[in-house]
Amino acid sequence: RENMPTWTGCQQQPGKGCNHQGPQQNHKLQHADGPEAQALPMPIPDPHIQYTKVSCTQHCSSITKWHESSSGRRIPVYNPATGKLLCEVEEADSEDVDKAVRSARAAFQMGSPWRSMDASDRGQLLNRLAGLVERDRLLLATLEALDSGKVFLMAYFVDLMATIKTLRYYGGWADKIHGKTIPVDGDYFTYTRHEPIGVCGQIIPWNFPVMMFAWKIAPALCCGNTVVIKPAEQTPLSALHMAALIKEAGFPPGVVNVVPGYGQTAGCAISHHMDVDKVAFTGSTAVGKLIQKAAGDSNLKRVTLELGGKNPNIVFADCDLEYAVEQAHSGLFFNQGQCCLAGSRVFVEEPIYEEFVRRSVEKARSKVLGNPLLPGVDQGPQIDQKQFDKIMELIESGKKEGATLECGGSAWGQQGLFIQPTVFSNVTDDMRIAKEEIFGPVQQIMCFHSTREVIQRANATHYGLAAGVFTNDIDKALTVSSALQAGMVWVNCYNAMSSQCPFGGFKMSGNGRELSEYALQEYTEIKAVTIKMSQKNS
Amino acid sequence: MHRFVFSRALPRLSRLSVSHYSVAAIPAPSTQPEVHYNKLFINNQWHNAASGKTFPTINPATGEVICQVAEADETDVDKAVKAARNAFRLGSPWRRMDASHRGLLLSRLADAIERDAAYLAELETLDNGKPYAVSYTVDLPNVVKCLRYYAGWADKWEGKTIPIDGDYLCYTRHEPVGVCGQIIPWNFPLLMQAWKLGPALATGNTVVMKVAEQTPLTALYVASLIKEVGFPEGVVNILPGLGPSAGAAIAKHMDVDKVAFTGSTEVGHLIQQASGSSNLKKVTLELGGKSPNIVLSDANMEDAVEQSHFALFFNQGQCCCAGSRTYVQADIYDEFVERSVERAKRRVVGNPFDLKTEQGPQVDQEQFNKILGYISSGKREGAKLMCGGGVAADRGYFIQPTVFGDVQDNMTIAREEIFGPVMQILKFKTLEEVVTRANDTKYGLAAAVFTKDIDKANYVSNGLRAGTVWINCYDVFGAQAPFGGYKASGNGRELGEYGLDNYTEVKTVTIKVPQKNS
C-alpha cells in the first residue's frame, strides 16, 4: 500500500522520524474527528451532482444565489479514469468575475454584517464549516475521486482530513490575530491593528481541489477578507459543494463567491481586476509569472504564489534503507506524481545507489493501477490528456538523453489516462527529466559522492519548494537542512505536512507562505495608529 | 463582570448572531433542577470521600439544604494528584496526543456545555443565588467562549528558534508544567472553572481542581461532560471540599507542580506561603480588589451612572473587580449621587429564578453577616447612607442595594473589600488628585475612567496601577483579553495569550552543529 503524507494527524511512531501508515492505520486513529467506523469507508455509488453553477451574491441582493454564466457557456467535466463526461458546469468569464467582485466588495463595506462581526464569531463559522465538511466527507471524497481521478481512500483520509483540520485550525486563529502597542519615542501612544486586506482573488489547481480550496479560504476568512475563488476547470465539483456548505454554515452573502472557469478568461480577469485587493495563486511557475505581471499592470494588488518544484530528496548511505526507499517512493508517486512537492530528484549516496535503485524499481512494479474508487488500488489516472501527453513526452526525452529506463515508461490500460509507474536511473543533472517538473509518476534517481557536492547539485535549480534528507547522523541532517534552498525540508520523512506548519517556496517556487501563523500575514494589512498624549509614562 | 452580553446583546440583535444566545430567547427555567453528581471526580470515576464525610450545599435564596456533597480532604487530594501524575507520565495518551486533538476535546467540551446550557444555568442559580437571566446570558455563553478560545490555542502555542552566537542550533519548546492544582471561588463557579481549565488543558497539563464548598454542583456536572467528550482518565480531577483541608493539601503538596488560586487576598498569602514551605510550586493568584471608578465632569452622565451602578451591583456585588470606589468630580457630584440612589432604589431584588430579578441573595450566611457589618461601620464612621442598608427579605441572604455618599478615603468601607451590594461614592477635584487617591490602596485589580476627553482618558488610564482599565465602560471581558492584578490583587494573568504563560515551562534546546549559516 502506498504511503501518504502525515496529514491525518496520527501519532509519530517511536524510533522513526516520521509516520508512514496506510489508510487502515490512519482510520483507527481517526477517532479524533469522528466516531470510529467499523470498516474502510466506501465511495457513494453514482452520487447526484447537485451544484454546477456560479455561486455569488447578486449585487444589491441579500441572498446567496446560484447563477448561470453570463455568456451561457458551460464547461464539460470528465472522469479521467474513464474519459466519460460527468456533467457540465457553468463557465464564468470576466463579466461573471465582475459580478462576483462586486458582491465581495459589498460584503466588505464598513458596517456590513461581515465587517462588524466579532472575530470569535468568524472563527465559529469556520468551525461550523469544518463540521459540515465532516458530515459530507464521504460525498466530497467521492466527488473528488470521480472528478480528479485520485484514489478514493486517499481523498477520504488525506484530502478531506486536511480540509477539516485546516478549517478548524484557522477557526481558532480568528480571535488571536494580535496587533501590538509600541513604545514609540515622544509623547505618543502607538498601536497596530491587523486589518483584512479586502477582496481576495484566489485561483486554485486541480491536484488537491478541496484541500487547496480550504488552504485558500480559511486564512482569508479568518482574517476577515472576502473571497472570489476560481477552482480549476478540470475539477470544479468539490468547490461548488463547498459553496453550498458555506451558505449552510451561515456566512453572510458575498463573503465567498465561487466562479468555475478557465485560466485565460476568469483567472485572467481576477488577476487584472482593478477592484481585487489581493490575488493568491497555486499552480505552475509559468502562470505564476503572468499573475505577478497582471498585478503590476493593474492595481499593484498583493500577490502570493505557490508554484512548481523540482524537489531534491537526498539519501545518505547511513540511513534506514528500506524506510528511505519507501519514503522516496511515496514522496514521488503520491497522487499520481501530481504534487508540487514531489521528490522528483532522488540523490542517493554512491555505496547504496544500486541497491536503492533495485528496491525502488521493485516498489514501483508492485503498484496497483486501476479504478480509483476501488479499494486496493494505489494509483489512478492522470488528470487530463494534456498532462498525459506532457508526461509521455518527458519520458521519451529521458530515454533519448540516455537515462536508464528501469521500469514503466508507457501508458496503461484500455481506457482512461493511466501511466505506468516509471523509474529512471543513471540520470544526470543536465537531462530535461532532472530539470523540468514532470508532474507524473516518473522517478529520477541520481548518484552522489559527497555532502558538499549534493548540496550544490540540489540547489542548482530555479525552484526551491521542498527537500528531503535521510540520514541517522545528526550533523549531516543539520548541515544539509540548513544549506538547502527550500521552503520545507523534511529530515527522515517526506510530505509531512500539517495546518500548523508553513508551506511555500524559495526562488521561483513562489512568494509568501500558506498554512500556519505565517499565512495570516498574507491576508492582513497592518495599520499603525498613533495618538498624541499630553504626557507619556512607562 | 462579563458585561458584554448585557451591554451588547441588545444593540446586536440586528447584527448577525453566530452565538446561540440572545436575551430574547431565555428559556423558562425549572426552579428545581435535578442534581446528578455529588461525589469526588477522580480518574474519570465518581468516589466517596475516603473519610466518608459529606457537607451540605445550601440554596442561598431560601437557606435550605439542596443536597449533601462528598467532602474531600488530604487523602483524597493525594489520590487525585496520583491520578493526575499518572495521566502526565511520558508516553501516556494525554502526553502523546496531538495538540490539535487537545483543542478538539476542549472544543467538544464547549459544545456539550452549550447543549446543556439551560440546565447548567438553572443549577448555577440554585446553588449560587445569581439571577437565572444572568447565569443563562452571561455566565454560560462566556464559559463556552472561553473554552472555544483556548481550544484554538492548543496547536498555536509556538516555541521559537533562536539565533544564538556560535555554531549552534537553538530552539525552545513550550512544555506543560505538569500537575496543576486549581482552587476556585463561588462567585462565578462555572466561569472560573472554564478560565482555569481552558489554558491548563490547551497547554497539556493535568489538573486537580478544588471547587468552593458553597457552589460545588455545576463543576461536578461539567466533570461528567469532561468524561463524556473523551478526555483521558486522570487529566481532570474535581474535588469539592473546604479550603483549610482540601485547599491546603493542594497548596502544600510535594507533587503538585503549580497552583492557581482565585479568591481572597488573605488566602492568597497562605497559598504563596504553602508553596514556599513545600516544593516551590509555581503560583498564580487572582485576589481581591477595591477598584476605583473615576467619573470626570465631561462624561455622559446617564451612561456613567448606569455603568457605575452595574460596575458595583452586578452579581450581588460579589465581584473581585467591583467598582467599589466611585470617584466623581466635584461639579457633578451631587447630581451623580442623586441619580445613583434613584437607580439603586429601582434595582429589582428577589427570587433569582424570576426573569425580572436583577439581584438575588448573597452566597451564604457568613458573607451576609460580613456585609451587614461593613454597612454598620460605614454609618458609624460618618458616611452618609443614601439608601438601603438593611436586609431585603425574611428568609435567604438578601441585602438591600445600598449607596453611601460623602465617603472619605480613610473609612473602612473605602479601604476594604465588601463583596456585596454596597456602593461608595467619593468626591474629587483634579486629575492628579484622583489618580493619587485611586492608587492609594494595596490592591490593583481593575479601574475605570469615564470622560469624553481623549487626553484625560489617556492620562488617567496610563497613571492607574491596575491590571485592567476600562474607558467609558466597565466589566467588559473577553476570553481574548488578559485579566489579573497589580500589587496584592494577584500574580500572573488569566485569559488571552498571556494566560498560556502561567501553564508553560519553556525548555531551551541547544544543538552543536558543524558549521552555522544564516
Side-chain angles (χ1 to χ4, degrees), chain A residues 8-12 14 29 31-33 111-114 116-128 130-131 165 168-178 187 189 249-252 451 474-479 481-483 498-500 516-517 531-538, chain B residues 4 8 12 14-20 91 93 96-107 110-111 144-146 148-158 167-169 202 230 431 453-459 461-463 478-481 496-497 511-518:
Chain A
T8 47
C10 334
Q11 310 289 353
Q12 301 250 312
L29 285 156
H31 64 82
D33 297 82
S112 73
W114 182 241
S116 58
M117 185 184 286
D118 285 338
S120 65
D121 282 347
R122 287 204 306 270
Q124 187 57 10
L125 285 175
L126 281 169
N127 271 326
R128 273 196 208 158
K165 287 197 168 201
R168 284 215 180 101
Y169 176 77
Y170 283 108
W173 267 122
D175 61 356
K176 300 174 183 68
I177 303 167
H178 296 150
D187 283 333
F189 166 57
F251 283 89
T451 305
I474 189 171
D475 285 343
K476 275 185 200 160
L478 294 175
T479 300
S481 60
S482 104
S498 74
S499 317
Q500 300 89 3
S516 81
E517 183 174 2
I531 304 176
K532 180 83 180 92
M533 308 258 288
S534 51
Q535 186 199 76
K536 177 179 73 177
N537 281 279
S538 62
Chain B
F4 69 89
R8 299 180 60 194
R12 273 166 50 103
S14 58
R15 291 167 52 180
L16 191 115
S17 178
V18 171
S19 157
H20 291 172
R96 299 261 303 130
M97 190 180 284
D98 284 338
S100 66
H101 193 181
R102 288 202 305 270
L104 194 59
L105 290 179
L106 273 172
S107 172
D111 293 345
V144 170
K145 285 185 174 214
C146 175
R148 286 211 177 111
Y149 176 75
Y150 280 110
W153 268 122
D155 61 357
K156 300 173 183 68
W157 187 219
E158 295 159 350
D167 285 331
Y168 303 100
L169 167 68
L431 284 191
D453 184 315
I454 191 170
D455 285 337
K456 289 177 183 165
N458 283 330
Y459 175 80
S461 62
N462 238 233
Q480 303 90 356
E497 183 175 2
I511 308 177
K512 181 84 180 89
V513 296
Q515 185 199 65
K516 178 179 70 178
N517 281 280
S518 61

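Numbers restart at 1 for each chain; the letters A, B, ... are given by sequence-line order, proteins then strands. When reading the values below, keep in mind they use all heavy atoms of this one structure, side chains included, and skip hydrogens, waters and symmetry mates.
Under the side-chain hydrogen bond (donor to acceptor under 3.5 Å, both in side chains) criterion, A/Tyr170 pairs with no residue, sequence neighbours left out.
Looking at B/Asn462, only its side chain comes within 4.5 Å of chain A, counting heavy atoms on both sides. With a 4.5 Å cut-off on non-hydrogen atoms, A/Trp114 does not touch chain B at all. When heavy atoms are compared at a cutoff of 4.5 Å, A/Ser534 approaches chain B by way of both its backbone and its side chain. Neither the backbone nor the side chain of B/Lys516 comes within contact range of chain A; no heavy atoms are under 4.5 Å apart. Heavy-atom distances place no part of A/Lys476 under 4.5 Å from chain B, backbone and side chain included. Contacts of B/Ile454 with chain A are made by side-chain atoms alone, with heavy-atom separations under 4.5 Å and no backbone atom involved.
Side chain of B/Arg102 to backbone of B/Ala202: a donor-acceptor contact under 3.5 angstrom is found. Using modelled atom types, no side-chain atom of B/Ser107 and backbone atom of B/Gly103 make a donor-acceptor pair closer than 3.5 Å. The closest donor-acceptor contact from the side chain of A/Asp187 to the backbone of A/Lys536 lies under 3.5 Å. Within the 3.5 Å criterion, the main-chain N or O of A/Tyr169 finds a donor-acceptor partner in the side chain of B/Lys156.
No other option in A/Ser482, A/Ala119, A/Gly172 has as many heavy-atom pairs under 4.5 Å with chain B as A/Gly172. Listed options B/Lys512, B/Lys456, B/Gln515, B/Glu158 were ranked by heavy-atom pairs under 4.5 angstrom with chain A; first place goes to B/Glu158. Chosen from B/Asp455, B/Leu105, B/Asn517, the residue pairing most often with chain A at heavy-atom distances under 4.5 Å is B/Asp455.
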Next on the checklist: As a quick check of understanding, evaluate side chain to side chain contact (heavy atoms under 4.5 Å, CB included) for A/Lys165 and A/Ser498, giving each step before the final call.
Outcome noted: CA-CA 8 Å; A/Lys165 287 197 168 201; A/Ser498 74; over 6 Å; no
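Ion pair A/Arg122/A/Asp175 not flagged as a salt bridge, since none of the NZ, NE, NH1 or NH2 atoms sits closer than 4.0 Å to an Asp/Glu carboxylate oxygen.
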